[in-house]
Amino acid sequence: MGRAILKAVTVSFVIAVAIPALTPVSSGQQSKGAPAAPVPPQIAAAQKVFVSNAGGESFESVIDETVFNGGPDRPYNQFYAALKNWGRYPLVSSPADADLVFEVSWVLTDTGLKLPVLGQLRLLVIDPRTHFTLWNFTEYVRGAMLLGNRDKNFDQAMTIIVNRLKLLANPAAAAAGALPK
């Protein structure tokens, strides 16, 4: 029995010494950060885009409470208007005429976080010829007690998505590694 205790103490000692010794190596590697990977050139080169409404869960009401104003097409309508105001990409009416497809969607979600999150606003940048996703933006929308505050939080998430797209579409910002995370 004494040997079993000695063996357990030895194993515990080895684990106690080995794990902390390995930890700085892995955290040191992560803190340096990987070099920025290239942005698919189709994003900066695109001349025309099609905006796709991938929909998602309705946010007209949850437990008889209006989640957001604007109905279930709000993400699509708001993103479309933001792109039109930006003017970087002409908007076309068919994916066949587009260099990129921007697919916007919304989903109610429970993240399990302590923060009151209502859902995710998501934008996929898709190559219409290959149907591969070139880039994905996801932004969480914080919950709030009042409808007006939920609307503001949705607007804020949409603004973040659009601003991240603007940075990504700017080749100089992408080359300088200025892409937001």
Ignoring hydrogens and angles, tell me if any N or O in the side chain of D127 forms a donor-acceptor pair with the backbone of F132 under 3.5 Å.
-> no

Check the pair Q42 / L134 against side-chain contact (heavy atoms from CB on, under 4.5 Å), numbers first and verdict last.
-> CA-CA 8 Å; Q42 299 95 313; L134 301 174; 3.9 Å; yes

Say whether, by atom type as modelled, one donor and one acceptor occur between the side chain of T133 and the main chain of W135 under 3.5 angstrom.
-> no

When you look at D155 and R150, which way does the salt bridge (Lys or Arg N to Asp or Glu O under 4.0 Å) test go after all the steps?
-> CA-CA 9 Å; D155 292 343; R150 290 191 300 269; over 6 Å; no

Short side-chain to backbone donor-acceptor contact, R122 and N136, under 3.5 Å = no

Any sub-3.5 Å donor-acceptor pair from N77's side-chain atoms to D73's backbone N or O?
-> yes

Is any side-chain heavy atom of Q47 less than 4.5 Å from a side-chain heavy atom of Y89?
-> no

Please check if the distance between the ring centroids of W106 and Y76 is under 6.0 Å.
-> no

Could you tell me which non-hydrogen atom of L121 sits nearest to which non-hydrogen atom of I161, and how far apart they are?
-> O-CD1, 3.9 Å

Counting N and O atoms only, with roles assigned by atom type, does the side chain of D99 sit under 3.5 Å from a partner on the main chain of K48, one being a donor and the other an acceptor?
-> yes

Is it true that L100 and W86 fall in one hydrophobic cluster, defined by side-chain heavy atoms closer than 4.5 Å?
-> yes

Counting only N and O atoms by type, is there a donor-acceptor contact under 3.5 Å from the side chain of N149 to the main-chain atoms of A144?
-> no

Can you find a heavy atom in the side chain of L83 that is under 4.5 Å from one in the side chain of L91?
-> yes

N69 side chain reached by F154 side chain, heavy atoms, under 4.5 Å = no

Kindly indicate, with the supporting measurements, whether the criterion side-chain contact (heavy atoms from CB on, under 4.5 Å) is fulfilled by E139 and Q156.
-> CA-CA 10 Å; E139 191 63 35; Q156 182 180 33; over 6 Å; no

Hydrophobic cluster (4.5 angstrom, side-chain heavy atoms) - remaining members for V92 = F50, V101, L124, I126

Among F137, F79, Y80, whose side-chain contact (heavy atoms from CB on, under 4.5 Å) with V104 holds?
-> F79

